[in-house]
Colleague: 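First the structure, then my questions, so here it is.
Just the heavy atoms: all of them, side chains too, but no hydrogens, waters or symmetry mates, feed the values below. Naming: A, B, ... by sequence-line order, numbering from 1 per chain.
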2 protein chains.
Amino acid sequence: MNVKKIIIPPVRREDVPAALASLGIAVTAQRVEIGAILLESMQHLSAEQVQARLEADGASASKATVYNTLGLFARKGLVRELVIDGSRVFYDSNPSDHFHFYNVDDGTLFDFPSSPVTLSNLPTPPEGTKLDKVDVVVRVTTK
Amino acid sequence: MNVKKIIIPPVRREDVPAALASLGIAVTAQRVEIGAILLESMQHLSAEQVQARLEADGASASKATVYNTLGLFARKGLVRELVIDGSRVFYDSNPSDHFHFYNVDDGTLFDFPSSPVTLSNLPTPPEGTKLDKVDVVVRVTTK
DNA sequence: GCGTCAATTTAGACTCTGTCTAGACTGAAC
DNA sequence: GTTCAGTCTAGACAGAGTCTAAATTGACGC
Ligand SMILES: [Mn+2]
Ligand SMILES: [Mn+2]
Ligand SMILES: [Zn+2]
Ligand SMILES: [Zn+2]
């Protein structure tokens, strides 16, 4: 497999088990719940927000499971980890390449509108390393 | 002041008080110590690393002072806060615009070699917000 | 159905970074 | 030498995330 499989939201709840399986993620009740929450739409959720939605849905998972599951999903490429503000990590249910706006005053996080942003003349990675991913965060303040 | 004053390392220890003053930072013994450490060269240090170097230099400052001082320096534009990996913030003594490589395997952080990297067609910031800064982090793994 | 077993989940202790508070200290101004 | 605002300090506290050891799950073979 040279081209990485990508799952793009929205994914219907009933299709979540197959989506997990297609990425080699063993299906469990908790993983389906968490997957259904994330894949409902393209969004950016913290671990705490995921756990809050679980409760709201009448489901639940321990803190350890929430963290383990989000970490697993990120390693498998189902979601993308975003390090934005040092106080918590966000998980992005849109794993395709795109950039972000972050409002430092109110903490809101947006995707760039789809537009032909280009990053040119990227230097090659240092000797002995290979590119993993490029994160672009444009920080804005409320005017 | 429309163009922001920038201090570029290295700055000799004896010149640190004037550098602080020029940015409107009141000069104190602890601020000079911390400034001297950071401005010795272009580098990326965490709060913990700054405190360790203070001890190594026979100086010291409380944890609260280290954090307060780094936050103050960042607000005044002497250093730049870098959010790279969610476990701690780095302070970059090169405040001019530049991008970073981060090796996720060993935690090393490099500046891009100076090269004409360009980010084109950046969308305009969302209504009601204005651009603060653009952070580009290229994550690499050890091959 | 029943036992086995590896994978998963769990509660809660723990770690770590960073913040806060309340009092002590500093030093410039008078 | 008194005052006082700004700064510094120890240590309590908070919040995100990790770890551990035990309990649970569920697929599989019988
Ligand atoms: Mn933090
Ligand atoms: Mn963290
Ligand atoms: Zn996104
Ligand atoms: Zn840098």
Colleague: What residues from residues 47-63 of chain A pass a heavy-atom cutoff of under 4.0 Å to DNA chain D?
Modeller: A:E48, A:K63
Colleague: List in numerical order all residues of residues 17-28 of chain B for which some heavy atom is under 4.0 Å away from an atom belonging to DNA chain C.
Modeller: none
Colleague: Please collect all side-chain hydrogen bond (donor to acceptor under 3.5 Å, both in side chains) contacts where either partner lies in residues 63-74 of chain B, sequence neighbours excluded, each pair once.
Modeller: B:S62-B:T65
Colleague: Using a strict heavy-atom distance below 4.0 Å, which residues from residues 73-82 of chain A are in contact with DNA chain D?
Modeller: none
Colleague: List in chain and number order the residues that pass ring pair (Phe, Tyr, Trp, His ring centres under 6.0 Å) with B:H100, two or more places apart in sequence or in another chain; answer none if no residue qualifies.
Modeller: B:H44, B:H98
Colleague: Which pairs pass ring-ring contact (aromatic ring centres under 6.0 Å, His included) with one or both residues in residues 110-143 of chain A, sequence neighbours excluded?
Modeller: A:F99-A:F112, A:F101-A:F112
Colleague: Between C:dT9, C:dT17, D:dG17, spot the one nearest the side chain of B:R88, thanks.
Modeller: C:dT17
Colleague: By the ring-ring contact (aromatic ring centres under 6.0 Å, His included) test, which pairs, at least two apart or in different chains, include something from residues 118-143 of chain B?
Modeller: none
Colleague: For B:D97, check side chain to side chain donor-acceptor pair (under 3.5 Å) against everything at least two apart and list the hits.
Modeller: B:R80
Colleague: Just compare C:dT9, D:dC8, D:dA16 and give me whichever is closest to any side-chain atom of A:Y67.
Modeller: D:dA16
Colleague: Tell me the side-chain hydrogen bond (donor to acceptor under 3.5 Å, both in side chains) pairs involving residues 23-41 of chain A, sequence neighbours left out?
Modeller: A:R13-A:E33
Colleague: What pairs with B:S120 under side-chain contact (heavy atoms from CB on, under 4.5 Å), at least two apart in sequence or on another chain?
Modeller: A:T118, A:S120, B:T118
Colleague: Would you list the pairs meeting ring-ring contact (aromatic ring centres under 6.0 Å, His included) in which at least one residue belongs to residues 122-143 of chain B, sequence neighbours left out?
Modeller: none
Colleague: Could you list the residues that satisfy side-chain contact (heavy atoms from CB on, under 4.5 Å) with A:S60, not counting sequence neighbours?
Modeller: A:E55
